Amino acid sequence: MLGIFRIDGPLYNFGSWIYRFFFLSFLWTVFSLPVCTIGAATTALFYVTHKWVAGEDTLIWGSFWKSFKENFRQATVIWIILGVLIYIIFINIQVAGFFGELSKMVYYLQLVALIELCMTAIYVFPLVARHHVTVFGGLRAAFFMANRHLVTTIMVVLGIVGLYSISQYVGAILLFAISLYGYWTSRLVLPVFRRYEPDEADKED
């Protein structure tokens, strides 16, 4: 019975993971406050959760800051591109009714484009966190993987829906939501990434 209170016991391990998820979510929130840095903060978050999934005992702050600095340019440009495209699509959806007989076609085409952008966003930041990629190379690879591995993409989306549903009843989950999303996504997309990379190409060190 007393074993659960040991420093290597289940209670300590549970508390340690609660702290890790909270601290990582806190870092993501702080570094995302300027809004334009959300892409870099999300990439840094995935850099940490990739290491957790790989079983590495990494320093959260050190790993987060390392990735934030190294991937700032690519991640920020990608975030801006996605944000601008999504904004344009929302505008197009709002004005779709002005196209008369073509309005339904325009609406559905924009909806498909929006879904594709969201699917690409699921993969692109974890990909940037793992590999040195160009902006358009990362977007192209993310788009390809999101569609080729549709089951994995759907599983990630279900995780988002699950977190949102739980948050409606347990508000405290919002303190950990973004890092839980990162961990869930990392567990799903890392096996996909490994199918396209030789061992020595792994970005993580």
Side-chain angles (χ1 to χ4, degrees), residues 28 32 34-47 49-50 53 71-168 173-174 177-197:
W28 180 88
S32 295
V35 180
C36 63
T37 58
I38 289 178
T42 303
T43 300
L45 176 135
F46 278 114
Y47 185 79
T49 57
H50 285 355
V53 170
N71 299 304
F72 182 84
R73 185 185 66 82
Q74 294 97 319
T76 300
V77 173
I78 288 171
W79 166 249
I80 292 173
I81 290 173
L82 290 174
V84 169
L85 290 176
I86 290 174
Y87 176 76
I88 291 173
I89 289 173
F90 272 121
I91 296 298
N92 289 342
I93 289 175
Q94 294 297 318
V95 302
F98 293 104
F99 288 89
E101 294 180 356
L102 297 176
S103 60
K104 283 190 176 181
M105 184 181 71
V106 171
Y107 174 82
Y108 287 117
L109 284 175
Q110 295 302 306
L111 191 59
V112 169
L114 179 61
I115 292 171
E116 288 290 346
L117 280 175
C118 292
M119 288 168 55
T120 300
I122 286 174
Y123 284 80
V124 70
F125 296 113
L127 187 62
V128 173
R130 187 169 177 82
H131 294 289
H132 294 288
V133 295
T134 63
V135 170
F136 292 104
L139 287 169
R140 184 170 56 249
F143 174 82
F144 170 78
M145 292 178 188
N147 286 277
R148 182 171 183 180
H149 302 276
L150 195 56
V151 173
T152 299
T153 306
I154 292 172
M155 291 295 292
V156 172
V157 173
L158 289 176
I160 298 172
V161 173
L163 282 172
Y164 175 77
S165 299
I166 294 173
S167 70
Q168 302 303 299
I173 200 70
L174 294 175
I178 188 63
S179 54
L180 287 171
Y181 161 74
Y183 184 76
W184 169 255
T185 303
S186 290
R187 291 195 66 88
L188 291 170
V189 302
L190 282 180
V192 172
F193 293 165
R194 293 187 184 112
R195 296 178 62 174
Y196 299 94
E197 62 190 26

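If you're wondering where the values come from, they're calculated on a predicted model, not measured in any experiment. For this chain, numbers begin at 1 and follow the sequence in order. Because only heavy atoms are used, hydrogens play no part in the values below, and waters and symmetry mates are left out as well, while side chains stay in.
- Counting all heavy atoms, side chain and backbone alike, Met145 lies closest to Val192 at SD-CG1, 4.2 Å.
- With rounding to the nearest 0.5 angstrom, the CD1 atom of Ile178 is 6.0 Å from the CG atom of Leu45.
- To the nearest 0.5 angstrom, Phe72 atom CZ is 6.0 Å from Cys36 atom SG.
- Looking at heavy atoms from C-beta onward, Trp28 lies out of side-chain contact with Tyr181 at the 4.5 angstrom threshold.
- For the atom pair Ile80 CD1 and Ile78 CD1, the distance stands at 11.0 Å (nearest 0.5 Å).
- For the pair Thr134 (side chain) and Gly137 (backbone), a donor-acceptor distance under 3.5 Å is present.
- Note that the OH atom of Tyr108 and the NZ atom of Lys104 stand 6.0 Å from one another [nearest 0.5 Å].
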Please tabulate, one pair per line, all N/O donor-acceptor pairs under 3.5 Å involving side-chain atoms of residues 119-127, not counting sequence neighbours.
residue	atom	partner	partner atom	Å
Thr120	OG1	Glu116	O	2.9
Tyr123	OH	His149	O	3.4
Tyr123	OH	Thr153	N	3.4
Tyr123	OH	Thr153	OG1	2.9

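- Remark: Phe136 CZ is loosely packed, at most 12 non-hydrogen atoms of other residues, nucleotides or ligands lying under 6.0 Å away.
- Judged as a side chain to side chain donor-acceptor pair (under 3.5 Å), and not counting sequence neighbours, Thr152 has no contacts.
- We find the CD1-CG distance between Ile88 and Leu117 to be 10.0 Å, quoted to the nearest 0.5 Å.
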Mind running side chain to side chain contact (heavy atoms under 4.5 Å, CB included) on Thr76 and Trp79 for me, showing each step along the way?
-> CA-CA 5 Å; Thr76 300; Trp79 166 249; 5.6 Å; no
Side chain to side chain contact (heavy atoms under 4.5 Å, CB included) between Val133 and Gln74: does it pass, once the steps are laid out?
-> CA-CA 8 Å; Val133 295; Gln74 294 97 319; 5.9 Å; no
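- Between Ala75 and Thr43, the shortest heavy-atom contact is CB-OG1, 3.4 Å.
- Trp184 places no side-chain N or O within 3.5 Å of a backbone atom of Ile160 that could act as its donor or acceptor partner.
- The two atoms that bring Ser32 and Ala41 nearest to each other are OG-CB, 3.4 Å, heavy atoms only.
- Put simply, the side chain of Leu109 does not reach to within 4.5 Å of the side chain of Asn92, judged on heavy atoms.
- The closest side-chain heavy-atom distance from His50 to Val53 is not below 4.5 Å.
- Here the shortest heavy-atom pairing between Ser167 and Leu174 reads CB-CD2, 3.8 Å.
- Qualifying side chain to side chain donor-acceptor pair (under 3.5 Å) partners for Arg187, counting only residues two or more places apart in sequence or in other chains: Tyr183.
- Here the OG atom belonging to Ser165 is positioned 10.0 Å from the CG atom belonging to Leu158, to the nearest 0.5 angstrom.
- Shown here for Gly182 and Thr49, the closest heavy-atom pair between the two residues is O-OG1, 3.4 Å.
- Among all heavy-atom pairs drawn from Ala129 and Tyr47, the shortest one is O-CD1, 3.3 Å.
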